[in-house]
Structures are given as structure tokens and as C-alpha cells.
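These notes concern the structure reproduced below.
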Amino acid sequence: MSFLTKLQINSVRNINRLELNLDPCLNIIFGINGSGKTSILESIHLLATGRSFRTPKTESIIAEASAELTIYAENELQSRIGLSKGRNTKHKLKLDSKLQRNWELVARALPVQVVSAITFLLLEGGPKSRRMFLDWGVFHVKQSFVQDWRATKKCIANRNLLLKERRIDASQLEVWNEELCLYADRVDEARREYFKEFGPVFRKIYDSLVPDASAESISLEYWRGWPEDGSLKEILLAEKERDHRYGSTQNGPHRADLRVKAGKRMASDVLSRGQQKILICALKIAQGVHHASCSGDKCIYLIDDLPAELDEENRASILKYLVGLGNQLIITGVDLPSIVNCLSDGAEKRTFHVERGTIGNSLL
Ligand SMILES: Nc1ncnc2c1ncn2[C@@H]1O[C@H](COP(=O)(O)OP(=O)(O)OP(=O)(O)O)[C@@H](O)[C@H]1O
Ligand SMILES: [Mg+2]
């Protein structure tokens, strides 16, 4: 099981200095608009993955009056993870005092799943966010995936450089094609395998969160990034002219998608906002459940503004499901009753009241 015991945040957005001792299970962070709730979840996500879930520009997260942010956390195994990032300097990431070259070990030590307003992109946005969702799962269950995916991206980048030239060096292109096909097949196989296992887990969870007939019409489809009726090698050959015209590779695993459909249409075209949020929660919960069944390790759920978009019944059923899993939950909301009233009587929890970037009265 993964959970955070301690969190320290310095100079993140409106947070000057904040320290939390977290409950292994349920943590509720509440406060008025602009108090700093999302910034706390954003800090955990940044520490665990190297990315904010709100912005691609880490610099904008650093508090205006400061030159550098720092985030520090300890988990249940007493592992210490620390991150510092200056405005114009490269980040420094440490795991148990050892400097890390990338986030691979930290991401494995701190698997996090986030549900926030931005997560609606999973349904409404382009394939990139769905590909990232799929790859989170593959990364956490298949060790070799990260190397194969890195190698694929390198091949595509080099191939694209060649495609941008007026006269393409055919023999060099052939070298990158060969290499790309090799890694692309591995990436596709790992994603396909994951998708096959993930689908039924999702189905079961979605059906229990939405126990009416409409649940049947939701389906997931995996698209590998090039047509199923040919090999990538054949497609690259057939689409050579088009690739040259665009100056980039039009087919390959960098174009993969996880399509979420309601009947024959895309789920985002059919479902209401609340229904979309339940579907997103089901996808995220399913990913955590599948991850736990493969690794024995439970991920940490960061749920920003849980009550938003959901009626009381749906809030209660999602909370009940999440609490029942026993993962660490860090949930935010504008007011405490809209979350607490959906919990069963006597449910253990730790609550934190955020006011202007600091913790006010914490209640147990
Ligand atoms: N780089 C920054 N430096 C200082 N303050 C910032 C910076 N970026 C954002 N802020 C401020 O930080 C505050 C906290 O924002 P945050 O999104 O965490 O609030 P919140 O509690 O989640 O609010 P809401 O309930 O509206 O979602 C906001 O008032 C915002 O204006
Ligand atoms: Mg917020």
C-alpha cells in the first residue's frame, strides 16, 4: 500500500509554508474559493509525477514572491521524497537523499490518480490525455514499457527530422522505419494486453456506480495508432508521400487512443457533466484497482472538488466505493458538510481547513 504520512509545501502558488500529517485513509481538505485546496493536490501530483495537472508551465506554480518552490513528503515506508524547482533553474528531485535523473522510481513509489476539472479532458479532449491515462496503467504494470516508449519517441523524432528535409535520405529513413516498427509493436502489444485486462475491471466498477440500463451502452475501444489491417511497415511505406507533405509521422503508437463511447457516439457528446464525472471516476478507480491487483500496491487518489457536478446520491456512492477500497484519499471541497454528510456515520477521517494558503483549525 502506498500512502503519504507527511507533506510539506513551500512557495507553491498562494502557499507560503504548509505542513500536513495525513491520515492513511481519508483526508478532507476544505476552504473557500482561492484558499489553496487545488494547490495542495497539485503539489502532491508535481512531486509524484514531475507534472502539474493544471499547467504545463511549472514556473507559474512557484509563488509570485519566491524564487523557488520546495515540496517534501514521507510515505508509509519512511521513504523521503523532495523536490525543488527554481524559476530559471532545473528541478532537483531526491528519493531518500539520492538525486534522481528522472521520475521513474518516484512515480513507482508514489502512484497517484487524480480527478479534477481538467480530468474532463479524458472525455472531451484529444487522444493525448487518454493515451497518457492508458500509459499510466501500462507503465505501472509492465517494467519494460518505459524503455520501449522512450525508444519509440526517439525514432519518431528522428524520422520527423528527416521528413522535414526537402530531399529525404531514403536509406536513413529506412533505418528509422525498421527501428520504429520494432518498438511500435512492443508498445502496441503492452497497451493491448493492458487494455484487455483493464476493460472488465472498468465494466464491473462502472456498472456498480451506475446500476441502470444506460450503463450497458458505455464501451471502451483501443486504437493502436495505425489501421488494424496492415503492419506499421506497410502503412509507413504506403503513407510516405503524406508523411513528407506534413513533415511528420502520421501513423504509429504516438497516435494511439482509448475511445470512450456511449452507444455509437463519443461519450462526451452524449453524457451530462455529472454523468461524465461518474464515468471519469470509474475509469480512475478501475485503474487503481487493476494496479493493486497486479502490484499489490494501492495508489493515492487526489480528488479535487468531489462535490462539484454530482448530486448527493452520486457523491455518496462514489465516496462509499472509494472508502471501501482502503486507498489513501485526499479529497477537496468548498465546504465540509457536502462531503461529510455523504459518509457513513462514524467514518474515520482527518479534516483540514485551508485559509489563505495555510491550515486553520484541523479537526479530527
Ligand atoms: N504563482 C502564484 N503565486 C501566488 N499566488 C498564486 C499563484 N498562482 C495562483 N495563485 C493564487 O493561489 C490561490 C489558490 O488557488 P487554488 O486554485 O489552489 O484555490 P482553491 O482553494 O482550489 O480554489 P477553488 O475553490 O476556487 O477551486 C488563488 O487565489 C490564486 O490566485
Ligand atoms: Mg480548486
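Computed from heavy atoms alone, side chains included, the values below leave out hydrogens, waters and symmetry copies. This structure is a prediction, so every number in the text was calculated from the model and none was measured.
Side chains of Arg159 and Asn177: a donor on one and an acceptor on the other come within 3.5 Å. When only modelled atom types and interatomic distance are considered, Thr249 and Asp243 share no side-chain donor-acceptor pair under 3.5 Å. Residues Ser268 and Glu124 bring no donor and acceptor atom of their side chains to less than 3.5 Å of each other. No side-chain donor from either of Ser35 and Arg356 sits under 3.5 Å from a side-chain acceptor of the other.
Put simply, Leu279 and Leu325 are part of the same group of oily side chains (I, L, V, M, F, W, Y) that touch within less than 4.5 Å, one to the next.
Around the CD1 atom of Ile32, the shell of radius 6.0 Å holds no more than 12 heavy atoms that belong to other residues, nucleotides or ligands.
Residue Leu173 belongs to a hydrophobic cluster whose other members are Leu162, Leu163, Ile168, Trp176, with links defined by side-chain heavy atoms closer than 4.5 Å. Here Trp226 sits in one hydrophobic cluster together with Ile156, Leu180, Leu232, Ile235, Leu236; the rule is ILVMFWY side chains under 4.5 Å apart, joined directly or through other members. Val334 belongs to no multi-residue hydrophobic cluster, having no ILVMFWY side-chain contact under 4.5 Å with any other such residue.
Residues meeting the side chain to side chain donor-acceptor pair (under 3.5 Å) test with Tyr183, sequence neighbours left out: none.
Centroid-to-centroid, the aromatic rings of Phe133 and Phe198 come within less than 6.0 Å.
Interatomic distance, Glu348 CD to Asp23 CG, rounded to the nearest 0.5 Å: 7.0 Å.
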Could you tabulate the donor-acceptor pairs under 3.5 Å formed by side-chain atoms of residues 141-152, not counting sequence neighbours?
residue: Asp148; atom: OD1; partner: Arg186; partner atom: NH1; Å: 3.2
residue: Thr152; atom: OG1; partner: Asp148; partner atom: O; Å: 2.6

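Residue pairs meeting the ring-ring contact (aromatic ring centres under 6.0 Å, His included) criterion with at least one member in residues 269-290, sequence neighbours excluded, are Tyr194-His290.
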